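What follows is a single structure, written as structure tokens, with notes after it.
Whatever order the structure lists them in is the order used to number ligands and atoms, beginning at 1. No experiment lies behind these values; they were computed from the predicted model shown. Note that the numbering runs from 1 along the sequence shown for the chain.
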Amino acid sequence: MKPLLLPLLLLSLQTDKTVYICDSGKAPKYHYDAKCRGLSNCNYKTVKTTLTKAKKEGKTLCKWED
Ligand SMILES: [Zn+2]
């Protein structure tokens, strides 16, 4: 294995972090914390997704987290 491959692998794992979104169908934010105060306003189900997917759907990080 070339020494360059390991850092690249770690980087790709890092970007595919698990995030949480409110399943209302139009929630514009994603959350790192399932118990975030931004999510406590959600009257729908909280669903787990990945950071990559959430960003692809145009979601941005919740204002309570950065
Ligand atoms: Zn949040």
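For the atom pair SG (Cys62) and CG (Leu39), the distance works out to 7.0 Å, reported to the nearest 0.5 Å. The NE2 atom of His31 lies 12.0 Å from the CZ atom of Arg37; values are rounded to the nearest 0.5 Å.
Here the closest heavy-atom approach between residue Cys36 and residue Glu65 is recorded as SG-OE2, 3.0 Å. Contact detail for Lys53 and Thr49: the closest heavy-atom pair is CB-OG1, 3.5 Å.
Counting only protein N, O or S atoms, the number found under 2.8 Å from the Zn ion (ligand 1) is 4.
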Side-chain donor/acceptor pairs under 3.5 Å, residues 19-30, sequence neighbours excluded:
residue: Ser24; atom: OG; partner: Lys26; partner atom: N; Å: 3.3
residue: Ser24; atom: OG; partner: Ala27; partner atom: N; Å: 3.3
residue: Lys29; atom: NZ; partner: Thr60; partner atom: OG1; Å: 3.2

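Residue Val47 is grouped with residue Leu61 when hydrophobic side chains (ILVMFWY) are merged at heavy-atom distances under 4.5 angstrom, including chains of intermediate members.
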